[in-house]
Number of protein chains: 2
Amino acid sequence: MFSSFRLTGAEREALNAISTRIHRPAKRRIYAQGDQGHYIYRIRSGAVRLEHQLKDGRNQIFAFLWPDDMFGTLDGGLYHTSAITLVDTYLFQISYPALKSLVEVHPRIQTLFLRQALDYAKTTERHLLLATYPLVVKRLAGFLLECSRQADFFDRTSGILTLAMDRKDIADYLGFAIETTSRTLKELEDMGLIQRLSAQRIRIDRDRIGAII
Amino acid sequence: MFSSFRLTGAEREALNAISTRIHRPAKRRIYAQGDQGHYIYRIRSGAVRLEHQLKDGRNQIFAFLWPDDMFGTLDGGLYHTSAITLVDTYLFQISYPALKSLVEVHPRIQTLFLRQALDYAKTTERHLLLATYPLVVKRLAGFLLECSRQADFFDRTSGILTLAMDRKDIADYLGFAIETTSRTLKELEDMGLIQRLSAQRIRIDRDRIGAII
DNA sequence: CGGCGAGTTGATAGCTTTCAAATGCCGTGG
DNA sequence: CCACGGCATTTGAAAGCTATCAACTCGCCG
């Protein structure tokens with residue numbers, strides 16, 4: 001619905017004026033679950049994971065985020081997830097109070113955030129579909145396909161996917177045990193759908209993986 | 001962030017002018033997955049389920065929706081879910097083209113939709129948490145708690161919850177087999193956390209259910 | 001009263017987790 | 001440059017949980 005939306009020059013300038021460029025090395029926390037939420041973020045380059053800690057010790061990863069994705073939504077003024085970089089990452093950081101004032105002057109800017117929120121909801125639905133496949137091999141196969149949509153981490157000509165996350169991250173995203181990640185990768189390799197070049201570099205056959213889902 | 005937001009009188013009137021009040025009996029389809037998407041909806045009273053059919057035959061329910069919830073998001077002009085009433089339901093129906101024109105004149109109205117989208121994303125995250133609990137008894141217990149938040153279907157004084165959905169709906173929402181719904185309800189009853197008064201009327205002990213999650 | 005569909009219950013098979021141990025990888029210090 | 005230590009990953013075997021298939025019960029409606 002808002003795919004053709006563009007900001008005016010003045011709107012873009014005003015948004016830039018309240019955006020700060022920041023940098024975080026790999027595996028650094030940007031904010032923690034329960035922190036006071038002062039900023040919303042947008043990824044310029046790199047990758048981030050959003051995770052939610054449960055009282056029983058489970059650590060559910062809600063999303064892996066990529067360039068242009070935004071994050072930092074609040075729940076009663078607090079971040080309800082932790083945000084952690086997977087790799088070296090550059091971000092825009094926007095203060096919530098400044099954004100709120102800006103939107104009162106330039107309400108059209110909300111379209112950007114609305115579109116982003118709708119995208120995030122759709123992504124979470126896809127995540128839910130993946131994480132509830134009865135067979136873990138389907139979950140992992142679908143996950144590898146999703147990862148291969150990120151141009152920064154997938155080389156189309158060679159079919160080589162670079163995993164920015166470790167085995168535990170994958171397990172926490174798909175809802176199974178870390179050992180199952182390994183075993184199921186082996187299963188996919190035995191089926192001839194992937195080749196493990198190293199722990200984080202995998203050659204994948206997207207067509208045949210797509211066929212089993 | 002937008003909790004204090006209010007439309008002006010003119011904005012509210014303009015929105016009303018493009019809203020149609022419609023009615024659907026229980027168990028009727030409002031739209032089907034793959035249909036051309038012309039309208040967005042808001043529930044005035046009743047309840048709706050959003051479901052997504054997969055190629056392999058699985059039917060994943062994405063959400064149960066209640067009064068004030070909105071639905072009807074599109075994916076390339078098409079509905080990507082089916083929307084079906086659970087009970088007798090009254091709705092607002094808003095045409096997308098009319099809404100798009102309206103937003104160009106009154107961009108502040110987008111705040112309503114942004115808030116709704118953020119709410120839906122949060123709901124989907126909670127759903128994901130529920131549906132990925134390793135033990136089905138926790139999934140179902142958490143589900144009953146969520147249902148008991150709907151004032152129209154839960155009587156606080158008696159603790160009696162009326163389930164608007166059937167066993168298959170619950171199974172499709174939580175990602176297990178229909179038989180497991182029955183067995184796990186029995187398990188909760190054996191633990192003394194609930195009493196099944198009839199198939200759809202259940203007395204629940206919210207405190208003790210909350211304690212096991 | 002009969003019949004149908006929703007819900008329940010039982011037994012077995014299949015899949016994933018858990019606990020334990022082995023292997024491999026990589027950066028650090030000698 | 002090589003050895004060592006620590007951590008991530010992989011592998012194995014047994015236990016636990018849920019799906020499946022089948023049969024049965026219940027409630028509702030004609």
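Here is how names work: the chains are called A, B, and so on, in the same order as the sequence lines, proteins then strands, and each is numbered from 1. The structure displayed is predicted, hence computed values, not measured ones.
- When the side-chain nitrogen and oxygen atoms of Ser182(A) are compared with OP1 and OP2 of dT9(D), none of them lie within a distance under 4.0 Å.
- Residue order along DNA chain C, read from the 5' end via each residue's closest nucleotide, puts Arg167(B) first among Phe176(A) and Arg167(B).
- Taking the six-membered ring for Trp, Phe143(A) and Tyr173(A) have ring centres closer than 6.0 Å.
- Between Arg196(A) and the phosphate of dT10(D), there is a side-chain N or O to OP1/OP2 separation shorter than 4.0 Å.
- Here Thr180(A) lies in heavy-atom contact (under 4.0 Å) with a base.
- Look at CD1 on Ile178(B): it is 14 Å from P on dG5(C), rounded to the nearest Å.
- Phosphate proximity of dT9(C) to Lys186(B): present, with a side-chain N or O under 4.0 Å from OP1 or OP2.
- Rounded to whole Å, the distance from CZ on Arg139(A) to C1' on dC15(C) is 11 Å.
- Note: CG (Asp172(B)) to C1' (dA19(D)) measures 14 Å, nearest angstrom.
- Annotation: cation-pi pair Arg44(A)/Phe92(A) present, NZ/CZ under 6.0 Å from the ring centroid and within 45° of its normal.
- Annotation for Arg12(A): atom CZ does not count as buried by contact number, only 12 or fewer foreign heavy atoms lying within 6.0 Å.
- In this structure, CG of Asp166(B) is placed 16 Å from C1' of dC4(C), rounded to the nearest angstrom.
- Dashed line: the shortest gap from a side-chain N or O of Ser198(B) to OP1 or OP2 of dG27(D) is not under 4.0 Å.
- Map Gly175(A) and Gln200(A) each onto its nearest nucleotide of DNA chain C; the residue landing nearer the 5' end is Gly175(A).
- Contact check, Arg183(B) against dT9(C): no side-chain N or O comes under 4.0 Å of OP1 or OP2.
- A cation-pi arrangement is absent between Arg42(B) and Phe71(B), since the terminal nitrogen or guanidinium carbon is not both under 6.0 Å from the aromatic centre and inside a 45° cone about the axis.
- Side-chain contact of Thr89(A) with Arg28(A): a donor-acceptor pair under 3.5 Å is absent, judged by distance alone.
- In this structure, the CZ atom of Arg201(B) is 15 Å from the C1' atom of dG27(D), given to the nearest Å.
- Rounded to whole angstrom, the span from the CD atom of Glu189(B) across to the P atom of dG7(C) amounts to 15 Å.
- In this structure, the nucleotide among dG7(C), dT18(D), dT8(C) sitting nearest to the side chain of Leu185(B) is dT8(C).
- Atom pair Arg58(B):CZ and dT20(D):P shows a separation of 12 Å (rounding to whole Å applied).
- Backbone-only contact: Leu135(A) has heavy atoms under 4.0 Å from sugar-phosphate atoms and none from a base.
- Atom CG of Leu174(B) is separated from atom C1' of dA19(D) by 16 Å (rounded to the nearest Å).
- With hydrogens and angles ignored, a donor-acceptor pair closer than 3.5 Å exists between the side chain of Glu179(B) and the base of dC21(D).
- Minimum atom distance to the side chain of Ala199(A) is reached by dT9(D), of the listed dA13(D), dT9(D), dT8(C).
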